[in-house]
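The structure under discussion appears below in the form of structure tokens.
Keep in mind the model is a prediction, meaning the values are calculated, not measured. Every chain is numbered from 1 and lettered A, B, ... according to where its sequence line falls, protein lines coming before strand lines.
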Amino acid sequence: MSAENVVREGAGSAFCEPERVMTGDEAPIPKEVPPKSPDLSAWYNAICYKAELVSLAPVRGCIVLRPYGYGLWERLQSALDQRFKETGHENAYFPLLIPESLLTREAEHVEGFAPEVAWVTQGGNEPLTERLAIRPTSEVIVGTMYAQWVQSYRDLPILINQWVNVVRWEKRTRPFLRTLEFLWQEGHTAHATESEANEEVQRMLDVYVDVAENIAAVPVYKGEKSASERFAGANHTFSIEALMPDGRALQAGTSHALGQNFAKAYDIKFADENQAVQYAWTTSWGMSWRMLGALIMVHGDDRGLRIPPKMAPIEAVIVPIVKGGSDEATVAARELYATLKKAGLRVKLDERDLRPGNKFADWEMRGVPLRIELGANDIAQGVATVVRRDKLKGEEGAKSAVPLAELSSRCSELLIAIQANMFAQARTFLHSHTIEVSDRAEFYKLVRERAGMIDIPWCERGECEAHVKAETSATSRNLRPLDGAAVCVACGEPARVRAYFAQAY
RNA sequence: CGGGGCGUAGCUCAGCUUGGUAGAGCGCUGCGUUCGGGACGCAGAGGUCACAGGUUCAAAUCCUGCCGCCCCGACCA
């Protein structure tokens with residue numbers, strides 16, 4: 001069949017499942033994508049394009065999000081948005097363009113973003129008297145407006161989110177993971193007290209953990225960023241970090257305690273209960289379509305994408321097996337489609353004029369969690385054949401015959417099981433590649449080899465982190481409290497925190 | 001932005017060394033036979049060889065420039 005035209009060279013890293021070993025006459029090895037293990041990058045790019053998530057745009061570093069990819073984004077969006085609303089936030093919209101004079105008010109912030117800001121210098125045919133930045137993020141413009149809206153402690157807190165695009169002039173781009181323009185949400189809040197702001201920062205970080213793990217089925221570690229990894233202008237930055245199959249970490253969401261830095265730069269002041277004028281405490285937090293990149297890499301396999309049900313634009317696809325010119329299967333499939341749709345399932349009926357095998361491979365590559373086959377044999381027995389995308393072919397429970405009357409309830413159960421199984425698989429990977437080390441040489445070796453999340457007691461010193469980076473190109477991903485006394489595994493100084501180190505995307 | 005690689009049909013690529021006016025497989029269109037893991041027959045369509053200059057009687061092929069993509073670094077969601 002098609003095994004010959006697939007590159008099988010390369011030992012295959014320890015990170016990927018050896019799923020390509022197929023035997024017998026039916027080997028579901030996709031023609032369209034290379035195997036995942038030897039070259040994650042090649043696999044990833046192929047998946048993004050072949051599964052029709054994105055296309056490259058005629059602008060360097062920009063992607064077109066195609067309908068199926070946008071469907072993924074919408075799922076993520078609605079999961080987040082729902083949680084933002086539940087935690088008291090409202091959506092709003094701030095302008096894309098930011099006057100240069102505004103941007104430069106918070107010194108650290110400007111300095112941090114300067115290298116990646118895109119500028120508008122001309123309007124129509126006239127040069128502008130002041131350059132306009134295309135937002136790389138919106139703290140500046142939001143802060144400016146909050147200053148106008150806040151007079152009294154009674155005006156606080158302000159809890160606003162916006163769903164927008166931002167532009168950052170990146171040197172090196174990859175679909176979803178790093179593009180010049182990307183979609184995200186940015187939450188911006190202002191509070192009367194530091195403790196209230198800090199609570200907000202943690203609350204939203206927990207929302208990200210919830211969505212990453214329970215919706216995208218991507219297990220993450222949460223913690224605080226080191227000084228060098230902190231958001232420009234923030235006092236504290238917290239992140240969730242996922243681990244990719246090649247052993248690199250991916251920051252999938254951030255939440256910043258901005259202290260009073262932006263309030264002072266943009267003059268967000270209020271009178272408190274004692275009529276004393278105070279600066280507000282602000283926060284910001286964001287998750288981007290990069291999360292989709294994490295989902296793709298974490299769950300995909302050699303057959304293509306695997307989408308966790310809660311993220312799947314299509315939860316189940318019905319493939320009628322048409323035989324001998326009879327329309328029996330087609331009729332039954334249409335009925336089934338109507339039933340499942342009515343039951344609330346995101347279901348698709350594939351009536352394309354293709355052979356079943358083509359359809360199977362196609363939907364597998366697109367990662368649809370459930371495939372429902374309906375042919376003469378099934379109909380004779382009053383069942384449909386249901387196949388799970390999260391299991392390997394021939395694996396226990398991968399395929400089952402489900403009585404038609406029970407199909408919608410059975411699908412719901414299976415989707416729940418698939419979601420749980422995919423998360424469990426990903427979590428097993430994360431845990432098995434999270435390595436506590438206490439030996440310095442071992443630490444450097446593992447981090448250099450991208451062995452995973454390398455967990456050590458750490459001194460938290462910038463010099464130490466710089467040294468690790470120079471030696472291994474890895475940095476701390478995030479930090480959490482250390483219990484007890486310990487020495488830094490990287491340098492031998494007294495440790496202050498526990499830290500995950502890894503090379504990052 | 002440095003180092004390396006690559007741009008030829010929708011996709012994967014051959015042709016380039018040694019210039020002579022473009023090919024394969026898959027995909028696509030039509031008809032027919034098929035349809036429970038990537039079918040087969042017949043008939044077709046599709047490329048200013050990334051782009052711009054230059055050398056030459058003649059450039060996909062040689063030279064220069066430029067744009068884009070991929071990989072490795074540096075920088076970052």
- Item | Out of B/C11, B/G37, B/C35, whichever nucleotide has its closest atom nearest the side chain of A/K50 | B/C11
- Query: Counting any heavy atom closer than 4.0 Å, what does A/A42 reach on the DNA or RNA strands: base, sugar-phosphate only, or nothing?
  - Reply: nothing
- Going by distance alone, is a donor N or O of one side chain under 3.5 Å from an acceptor N or O of the other, for A/T475 and A/R477? yes
- Message: Do A/R174 and A/S41 pair up side chain to side chain, a donor and an acceptor below 3.5 Å, judged on atom types alone?
- Response: yes
- Searching all strands shown, indicate the nucleotide that pairs with B/C26 (Watson-Crick or G-U wobble; both distances under 3.5 Å). B/G10
- Considering the options A/F176, A/W163, A/F182, which one meets the ring pair (Phe, Tyr, Trp, His ring centres under 6.0 Å) requirement together with A/W73? A/W163
- A/Y49 OH to B/G68 P, in whole Å, measures 14 Å
- G-U wobble or Watson-Crick pairing nucleotide for B/C69 (cut-off 3.5 Å, both distances): B/G5
- Span that lies between the P atom of B/G44 and that of B/A58, in whole angstrom: 36 Å
- Take atom OH of A/Y44 and atom C1' of B/C69, then tell me their distance rounded to the nearest Å. 16 Å
- Does A/R168 use its side chain to pair, donor to acceptor, with the backbone of A/P136 at less than 3.5 Å? yes
- Rounded to whole angstrom, note down the P distance from B/A45 over to B/G30. 15 Å
- Same-atom distance (P) from B/G27 to B/C1, integer angstrom: 42 Å
- For the rings on A/F231 and A/H109, is their centre-to-centre separation under 6.0 Å? yes
- Message: Across nucleotides 72-77 of chain B, 5' to 3', mark each nucleotide with B, S or - according to how protein heavy atoms within less than 4.0 Å reach it.
- Response: BBBBBB
- Message: Can you tell whether the side chains of A/E351 and A/R334 come within less than 4.0 Å, N to carboxylate O?
- Response: yes
- Note on the structure: Output for pair (A/F262 CZ, A/H256 NE2), nearest 0.5 Å, gives 9.0 Å
- Are A/Y444 and A/H467 near enough that their ring centres are under 6.0 Å apart? yes
- Item | Cation over ring face, A/R131 and A/W119, 6.0 Å, 45° | yes
- For B/C71, does OP1 or OP2 lie under 4.0 Å from any side-chain N or O of A/R174? yes
- Confirm from the modelled atom types if A/E364 and B/G37 form a donor-acceptor pair under 3.5 Å, side chain to base only. yes
- Message: Need one value for A/T137: base, sugar-phosphate or nothing, where a base atom within 4.0 Å counts as base even if backbone is also close, heavy atoms only.
- Response: nothing
- Query: Rounding to the closest angstrom, what is the interatomic distance between B/C62 and B/C49 at atom P?
  - Reply: 15 Å
At a cut-off of 3.5 Å, list every protein nitrogen or oxygen paired with a nitrogen or oxygen from nucleotides 26-34 of chain B, distance to 0.1 Å.
residue, atom, partner, partner atom, Å
B/U34, O2, A/R355, NH1, 3.2

- Beyond-backbone contact of A/T87 with A/M204, side-chain heavy atoms, under 4.5 angstrom: yes
- Would you mind pulling out the nucleotide paired to B/A45, Watson-Crick or G-U wobble, both distances under 3.5 Å? none
- Interatomic distance, A/S255 atom OG to A/K222 atom NZ [nearest 0.5 angstrom]: 10.0 Å
- Distance between the C1' atoms of B/G15 and B/A22, in whole angstroms? 8 Å
- Send over the distance from A/N45 CG to B/C71 C1', rounded to a whole Å. 11 Å
- Message: From CD1 of A/I321 over to P of B/G38, roughly how many Å is that when rounded to an integer?
- Response: 12 Å
- Item | Side-chain donor-acceptor contact under 3.5 Å, A/Y337 with A/D350 | no
- Message: Checking base pairs now: Watson-Crick or wobble, both atom distances under 3.5 Å. What partners B/U17?
- Response: none
- Could I get the full list of salt bridge (charged side-chain N to carboxylate O under 4.0 Å, His left out) partners for A/E170, not counting sequence neighbours? A/R178
Produce the list of close N/O pairs, under 3.5 Å, pairing protein atoms with atoms of nucleotides 49-51 of chain B; give distances to one decimal.
none

- Integer angstrom distance from the P of B/A9 to that of B/G47: 10 Å
- Query: Taking atom C1' in both B/G68 and B/U34, what distance in whole Å separates the two?
  - Reply: 43 Å
- Rounded to whole Å, the CD-C1' distance (A/E351 to B/C35) equals 14 Å
- Message: Rounding to an integer number of Å, can you tell me how far A/L374 CG sits from B/G36 C1'?
- Response: 11 Å
- Give a yes or no on whether a salt bridge exists between A/K469 and A/E465, defined as a side-chain N under 4.0 angstrom from a carboxylate O. no
- Query: Mind checking who B/G37 pairs with, Watson-Crick or G-U wobble, both distances under 3.5 Å?
  - Reply: none
- Interatomic distance, A/Q162 atom CD to A/I141 atom CD1 [nearest 0.5 angstrom]: 9.5 Å
- Task: Give A/K359 one of three labels, base, sugar-phosphate or nothing, depending on what nucleic acid heavy atoms sit under 4.0 Å from its own.
- Result: nothing
- Item | Within 6.0 angstrom of A/Q202 CD, more than 12 heavy atoms from elsewhere | yes
- Task: Could you let me know what B/U61 is paired to, Watson-Crick or G-U wobble, both distances under 3.5 Å, or none if it's on its own?
- Result: none
- Message: In this structure, how many angstroms lie between the C1' atom of B/G10 and the CD atom of A/E52, rounded?
- Response: 11 Å
- Task: Summarise how protein sits on nucleotides 41-46 of chain B as a single string, 5' to 3': B when a protein heavy atom is under 4.0 Å from the base, S for sugar-phosphate-only contact, - for no contact.
- Result: ------
- Task: Could you pick out which residue, A/G375 or A/D39, lies toward the 5' side of RNA chain B when each is mapped onto its nearest nucleotide?
- Result: A/G375
- Message: Considering every strand and a 4.0 Å limit on heavy-atom distances, what is the contact class for A/G394: base, sugar-phosphate, or nothing?
- Response: nothing
- Query: Can you tell me how far C1' of B/C11 sits from CG of A/L56, to the nearest Å?
  - Reply: 14 Å
- A/D327: side chain to side chain donor-acceptor pair (under 3.5 Å) partners, not counting sequence neighbours: none
- Item | Rounded C1' spacing from B/A59 to B/C69 in Å | 24 Å
